[in-house]
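As structure tokens, the structure follows; a few thoughts come after it.
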Amino acid sequence: MQGYKKYFTKKLVWFLITFIVAVTLNFILPRLMPADPVSAITGKLAAGNADAKAVQKIYDRYAEEFGTNKPMWQQYLLFIKNMFKGDFGTSFSQYPRSVSDIISSAIWWTICLQLPAILVGWILGNVLGALAAYLRKGWDKVLLPITIFLSNVPAFGMAVTMLVLFAIKLKIAPVAGGYAFDQIPNFSWPFIKSVITHYQLPFWSIVIISIGGQAIGMRSMSIYELNADYVKYARFLGVKDRKIVGYVFRNAMLPQITGLALSIGTMIGGALVAEIIFSYPGLGSTMYAAVTAADYPLISATTLIITIMVLVVTLLLDIIYGFIDPRVKAAQFDS
Amino acid sequence: MKNTLKQLMHSSKFVLGAGIFVLILLTMLIYPLINPGNPLEMIGVGTFAKPGTYFSLYDAMDTKTETLKIADAEENRLTSIISMEDRVSMIEFLDKIGVDVSGVTMDDVDTILALWKANFDESAKPKGITNAKWRNYKTLNNRLSRIGKEERIVYDLDPETGEESKLKMIDGTDYVNIKEVVNTKTLPLGTDNFGRDVLKELVSACGTSILIGLVAGVVATFIGLLFGLLAGYLGGIADDIIMFVTNVFTVIPSFVLLILISYSIGQEQRGATVVAIVIGLTSWTWTARSVRSQVISLRNRDHVNLSKLSGHSLVRIVLTDILPYIASYVVMAFILQVSSGILSEAQLSLLGLGPKTTTTPTLGLMMNWAMLYAAHTNGYWWAYFPVILTITLISFSLNLMNTGMDQVFNPTLRD
Amino acid sequence: MKNNLLKKLISIVAVSAMTVSLLAGCGSTETAAPAAEPAATEAAPAAEEAAPATEEAAPAAEETTATGELPRNETLYFAGQQWGTVNSWNVIGVNQNNSMAIAGGASGYRTLMFETLYMYDPLSGKCMPLLADGDYSWNADQTELSVKIKDAAKWSDGSDITGADVVRTFDIGVEIGNGTGSTYGAYIDKIEADGKNITIFAKKNDAGQPVNPLFVIDFLTGTPIAQAAWIDTLYDRCGGDATAILNDPGEDVVWSGPYKKYFTDDQKVVLERDDNYWGQDASMWGSLPVPKYIAHTIYADNPAGQAALQAGEVDVCQQFISNVQDLWEKDGLPISTYYEDAPYGVCLTMPTAWYNMNLPVLADNAALRKAIAMAVDYDSIIANAMTNQSPSFADVPRSLMNPTDGEQALYDHAAVKDLQWAGNDIDGAIALLDEAGLKDTDGDGYREYNGEKISLNAVCPNGWTDWQAAMEIVAAAGEKIGVEITTLYPEWDIYQTVFVDPSQTEYAIFMWSPEAASPSNPWHRVNQFLGSEYVGIENNWSGNWGQYKNEEADALIKKIPLTTDEAEIKELYTKLTEIYLTEVPSFSLMYRPSVFHAVNESVWTNFPSADDGRNIPPLDCTDGYGIAALYGLELVE
């Protein structure tokens with residue numbers, strides 16, 4: 001157990017330190033912006049108000065309430081303290097709604113969209129990549145350039161193209177949103193059906209893009225393994241082809257898991273932009289709204305949540321990897 | 001070096017990728033020579049003019065005409081005034097107000113017209129017809145008045161007296177040669193929301209975006225290389241510290257960092273170069289990681305040890321004994337950085353965090369404006385689709401080159 | 001020690017992993033929607049509780065919740081009004097972000113759920129009685145205004161609407177400083193009630209005259225009346241704390257309008273018709289509004305809303321749609337606007353470029369100000385930024401008035417004819433600058449003032465596409481007359497921090513829109529253009545953003561509210577227009593509707609249109625007198 005313990009402890013400490021750095025960056029960076037968000041709320045309320053002195057009063061009230069008149073370090077401590085209570089403050093643009101409230105309603109749309117999409121993309125990509133490596137020639141010649149091409153379409157480009165093609169031209173998919181315009185959320189078949197139909201375009205646009213990169217990686221790894229000495233030796237020994245392929249596939253998978261862990265951050269970036277194109281009610285759209293409205297508590301919190309999501313997934317993948325990777329296993333036997 | 005190039009030229013993927021990329025570069029260089037001028041000039045007063053060749057109607061009037069008797073000209077004209085759909089909706093209307101249309105066929109334009117003229121009254125909107133429909137009928141009715149007119153007259157207006165004098169008769173069979181019209185303008189990709197020539201803007205934007213990619217790539221590769229070399233070669237505490245920073249920044253999604261930094265810089269400071277540098281600053285970790293692992297495998301090789309024993313300086317060892325061995329790898333990483341830099345700019349711009357607007361066109365900004373003006377839902381494909389295609393092609397060509405190089409440098413991957 | 005730490009860490013991971021999986025569990029069910037269901041059913045009992053009289057409505061609500069589908073032919077869908085999620089239903093609070101129920105539009109209050117005493121009609125400039133019975137009346141010196149409330153007017157809980165409700169609405173506003181209090185507190189001294197009759201006492205200045213009677217009338221059309229009994233409940237609940245009252249979500253609110261809350265979440269807000277609405281009485285509308293539901297999907301941005309309109313998922317769209325005519329001319333969609341041809345809608349305001357008088361070069365040179373304004377190609381701006389949804393300055397010559405007939409009649413067109421300009425007059429502008437001695441002496445192509453190159457910036461917020469296009473055209477005009485003008489598009493939050501700062505010197509020419517239409521206009525707008533009342537005030541969201549001062553104008557502006565003679569008013573406005581066009585402290589770039597109004601007639605029809613003889617203003621069927629449209633809607637056959 002010692003080996004695992006050491007491995008996981010190390011990973012965990014990493015996780016924590018990274019987390020602290022991320023939190024600090026999330027706090028500091030948006031606040032460097034040379035603008036006064038309190039003025040924005042005041043403006044919304046005061047537009048059309050003829051009495052200018054009354055407006056000043058409103059302004060002072062908000063400055064006090066948001067604590068923007070306090071020194072930065074005090075704001076930081078408060079931020080940390082509240083964060084552990086799950087309180088990310090009040091949104092500026094949707095005042096007086098709390099940021100946690102906004103995020104908690106958006107986050108599940110994003111998780112339910114992106115996690116399955118990335119996983120399906122990863123699995124399909126790996127199967128295609130392995131196939132390409134195994135079959136070579138014909139498949140390889142045709143499939144590889146196509147997958148490279150598709151994987152290079154930017155996420156928003158794929159989203160726009162699919163939107164125009166399927167929703168606007170062919171009219172077989174909805175244009176925007178998480179469920180149909182004439183539905184009210186409830187546990188009924190028409191509603192669930194409309195959630196599913198609205199799910200298709202965002203889902204497949206992410207899947208198609210992530211297939212390519214994974215397939216290319218898997219193909220390379222598989223070819224590398226297929227040419228490895230142990231395979232030649234096994235062939236020489238007359239081990240069945242099927243069994244060899246099994247080994248090859250397993251060995252090639254390992255770096256692919258690390259690859260997924262490392263690239264998940266990049267993937268989410270692109271997928272968030274895709275959400276905006278489909279007006280999908282997830283974190284991407286929330287972030288877009290926050291950026292346009294210069295709502296920095298909301299920006300901080302969305303980026304932080306995304307970071308945490310990526311951190312958690314990375315950690316989980318690391319743990320899985322630890323169980324599969326023979327080297328970590330070996331380390332365990334060593335001790 | 002020569003040998004490597006020769007090898008690369010044998011890789012079909014590399015050649016295809018390099019070919020596409022060079023083609024894009026050539027277009028960027030040559031097109032501004034053919035079509036010079038400010039790419040941001042707003043030539044169209046309206047928005048989203050369709051792609052095509054435009055000729056000045058004003059000048060066409062003064063151009064010599066030829067009389068051409070073309071068989072289906074009349075027919076074409078008629079269908080442009082009264083299409084099949086128009087006929088259907090006319091019959092629908094007639095039916096609605098109680099006219100007997102049972103025997104009327106679609107091809108029987110004369111009967112439909114006669115019935116229409118007899119029954120349509122512009123001043124009396126029948127009940128149960130929507131405003132939208134009614135207005136369509138009225139415009140249709142106006143259009144119908146053109147039917148059967150053989151000639152049209154052009155009047156000249158005296159700016160002083162306001163008097164009109166007959167200038168010219170235009171016959172249905174008059175044609176002008178488009179080459180003889182003094183002013184024509186070809187807009188292969190139409191205009192955008194500002195009335196700018198999209199192709200011209202696209203070519204210029206493509207240049208800026210590639211430049212952004214290059215700057216980002218240089219910055220990222222430089223930092224990554226430096227950190228990777230130091231960590232790998234020095235080992236020990238230096239390695240620990242550098243790898244600590246690298247790991248932290250690998251896990252925090254670079255896209256998130258990009259958003260945060262771009263946001264905090266603020267619009268005014270956010271020029272194309274600044275955006276490029278910021279992108280570079282957030283994407284070096286990959287390079288650092290892999291350079292480090294390559295260096296570690298190199299640092300105990302015999303030739304490096306020999307150099308060390310000969311008392312060569314660190315800089316010299318790195319430059320002569322290590323760098324050449326990882327050069328191919330660094331070039332490949334650089335190419336990927338360039339392509340992801342271009343993509344990052346586009347994504348940032350779509351979020352409204354791209355380079356400062358109106359001074360430089362970039363692919364991301366073009367996309368952003370097209371989206372803001374709902375070009376995609378309105379069918380103005382020329383405003384956004386070429387942009388997506390360009391980004392894809394640049395990125396595709398770079399990645400193809402990369403794959404080709406990979407196959408050349410890692411013989412096990414060769415076909 | 002080390003082991004301990006390790007255990008702790010592991011337990012933390014275990015716990016957090018559990019939390020994550022737990023949350024994930026909740027999440028997946030939440031997405032499958034039951035989370036929203038309680039919200040809907042919660043709304044129904046709340047309604048029941050608040051309104052025992054509407055027993056019938058509550059079961060109906062449940063029934064629809066069960067199927068979860070709003071019947072298309074009983075629902076009127078909107079776009080372009082509600083952005084982001086509804087925060088509260090507290091009509092006397094702040095930041096409700098509840099545009100369908102609580103929104104003082106630029107040209108009339110949205111009276112779907114809460115009602116004002118009068119509805120404003122910007123087409124005729126008249127106030128139509130809503131809660132009020134007949135016209136209001138002033139006493140001789142305009143210090144006391146009397147209004148009677150309709151006998152039929154009732155709250156949703158069945159009780160009578162009385163003068164006491166109006167009094168309490170105003171008093172609580174002043175006490176806690178909400179919109180009503182801060183807007184009208186300076187002009188209304190107090191309100192007294194006697195049963196259904198109320199008297200509003202205007203605040204008086206030192207001379208014993210009313211401060212501004214026009215704003216007293218604004219109160220009648222701009223303040224939603226809340227129920228006194230409900231205000232008391234809320235007051236007690238919050239212990240009288242002003243901030244708590246302002247931020248209370250007001251779930252138990254009592255309303256008087258024809259619609260009530262039905263459902264809200266992140267993606268939509270739905271109102272349901274209150275079938276016990278008092279207004280079906282013959283003394284008001286004589287019937288209920290036609291649609292049973294009013295629904296507004298919350299779209300991410302304009303393109304999404306527009307796509308929905310095109311798809312027939314939206315009936316009424318309050319969004320600027322570029323080239324709106326393409327929707328029917330090119331795409332053949334059943335979409336129409338108020339006018340058949342350009343400008344398609346009724347323009348009530350004029351986005352304006354303001355000169356910053358803190359900059360000496362602008363403050364000292366009226367000629368420079370006028371020259372730039374003359375050189376700008378407004379036709380391009382109107383064609384590009386507004387895609388011709390604005391009359392040109394040749395059609396409606398520039399003045400202080402919006403293009404409605406009512407306001408245009410308020411000044412003498414002939415008297416100022418020579419001062420007006422339609423734009424793109426490069427030669428005239430150059431002559432003016434040369435004459436004023438602003439010449440290019442060092443040959444760099446740009447003119448100098450006091451030996452320094454005149455270099456200005458033209459600023460508007462980033463992403464405000466139509467304004468950005470306009471600023472580009474202003475910059476181009478500068479280039480043509482030898483004045484360097486560069487464009488600058490800061491993010492909105494920076495922009496609004498700077499332009500409301502009375503001492504800023506960062507923006508030279510910057511954009512903002514003056515007031516649109518209300519009983520206090522055009523006076524209010526004129527005061528924003530020329531009045532020094534707003535000069536030097538911190539966080540100035542109120543007016544005169546360029547800090548222009550002119551005593552003569554001030555004197556004229558002060559006179560107008562107290563003048564009742566129409567000829568005299570016209571003379572005063574004409575003089576002010578003269579000053580404005582000579583001094584050019586700002587220049588309008590286009591005319592613009594205060595609400596856009598495009599309708600899709602695939603389900604509903606008989607929306608207001610210019611030629612239908614009903615004179616219902618195209619205010620989205622919701623604002624001011626525009627709500628009358630809801631009573632005339634018909635289903636498409």
Side-chain angles (χ1 to χ4, degrees), chain A residues 14-15 17-18 21-22 25-26 28-35 136-137 140-141 144-145 148-149 151-158 160-161 163-164 168 175 216 220 223-224 227-228 262 264-266 268-270 272-273 276-277 287-288 291-292 294 296 299-300 303-304 306-307 310-311 314, chain B residues 13 16-17 244 247-261 263-266 268 283 285-286 289 339-340 342-344 346-347 350-353 367 370-371 376-377 379 381 384-385 387-389 391-400 403 406-407 410-415:
Chain A
W14 268 116
F15 178 85
I17 295 174
T18 318
V21 174
L25 284 174
N26 268 297
I28 296 175
L29 286 172
R31 281 168 181 77
L32 294 178
M33 180 92 173
R136 302 301 291 270
K137 294 301 157 203
D140 205 14
K141 274 265 177 321
L144 194 65
I148 297 184
F149 186 82
S151 71
N152 282 303
V153 178
F156 62 83
M158 184 59 82
V160 171
T161 314
L163 181 75
V164 170
I168 293 170
V175 177
I216 296 161
S220 300
I223 293 176
Y224 181 80
N227 291 337
L262 288 173
I264 209 146
T266 328
I268 281 192
L272 287 175
V273 178
I276 300 169
I277 305 279
M287 186 154 70
Y288 179 62
V291 168
T292 17
Y296 68 65
I299 296 177
S300 280
T303 48
L304 190 63
I306 294 165
T307 312
V310 174
L311 278 176
T314 317
Chain B
K13 293 200 182 75
L16 179 61
F244 170 77
N247 281 335
V248 168
F249 283 98
T250 315
V251 184
I252 300 176
S254 60
F255 187 62
V256 164
L257 270 185
L258 254 186
I259 289 175
L260 287 175
I261 298 177
Y263 177 74
S264 63
I265 292 173
E268 261 128 293
S283 54
T285 51
W286 283 80
R289 269 169 172 260
S339 113
S340 77
I342 293 170
L343 191 65
S344 294
Q347 284 182 349
L350 261 188
L351 274 176
L353 290 172
M367 193 70 200
M371 293 293 110
H376 58 309
T377 52
W381 58 268
Y384 66 91
F385 195 72
V387 183
I388 298 177
L389 198 66
I391 297 178
T392 311
L393 273 180
I394 295 176
S395 171
F396 176 61
S397 65
L398 290 172
N399 273 288
L400 217 51
T403 316
D406 206 16
Q407 286 175 356
N410 295 327
T412 41
L413 295 181
R414 258 179 235 165
D415 295 316

Open item on the list: As an exercise, state the distance from CD1 of A:Ile168 to CH2 of B:Trp381, rounded to the nearest 0.5 Å.
Closed with: 15.5 Å
TODO: Starting at CD1 of B:Ile388, measure out to OG1 of A:Thr161 and round the result to the nearest 0.5 Å.
DONE: 4.0 Å
Open item on the list: Applying side chain to side chain contact (heavy atoms under 4.5 Å, CB included) to A:Leu25 and B:Phe249, what does each step give before you reach the verdict?
Closed with: CA-CA 11 Å; A:Leu25 284 174; B:Phe249 283 98; 4.2 Å; yes
- [ ] Give, as side chain, backbone, both or neither, the part of A:Leu304 having an atom under 4.5 angstrom from any heavy atom of chain B.
- [x] neither
Open item on the list: With heavy-atom distances below 4.5 Å as the criterion, would you say the side chains of A:Val164 and B:Tyr384 are in contact?
Closed with: yes
Task: Residue B:Ser397 versus chain A: region with a heavy atom under 4.5 Å - done: neither
Open item on the list: Taking side chain as everything from C-beta outward and backbone as N, CA, C, O, which of these in A:Val153 sits under 4.5 Å from a heavy atom of chain B? Side chain, backbone, both or neither.
Closed with: both
- [ ] With a 4.5 angstrom heavy-atom cut-off, could you sort out which part of B:Leu393 is near chain A: side chain, backbone, both or neither?
- [x] side chain
Open item on the list: According to side chain to side chain donor-acceptor pair (under 3.5 Å), who are the partners of A:Thr303, at least two apart in sequence or on a separate chain?
Closed with: A:Asn26
Task: B:Leu16 versus chain A, the contacting section by heavy-atom distance below 4.5 Å - done: neither
Open item on the list: Can you list everything that forms a ring-ring contact (aromatic ring centres under 6.0 Å, His included) with A:Tyr288? Sequence neighbours excluded, please.
Closed with: none
Open item on the list: To the nearest 0.5 Å, what is the distance between CD1 on A:Ile276 and CD on B:Gln347?
Closed with: 9.0 Å
Task: Residues B:Leu400, A:Phe149; criterion side chain to side chain contact (heavy atoms under 4.5 Å, CB included); working and verdict - done: CA-CA 9 Å; B:Leu400 217 51; A:Phe149 186 82; over 6 Å; no
TODO: Would you mind checking which part of B:Leu350 comes under 4.5 Å of any heavy atom in chain A, side chain (CB onward), backbone (N, CA, C, O), both or neither?
DONE: both
TODO: Supply the atom-to-atom distance A:Asn152 CG to B:Thr392 OG1, rounded to the nearest 0.5 angstrom.
DONE: 7.5 Å
- [ ] Just give me the residue among B:Asn399, B:Leu343, B:Leu389 that pairs up with chain A most often, heavy atom to heavy atom, under 4.5 Å.
- [x] B:Asn399
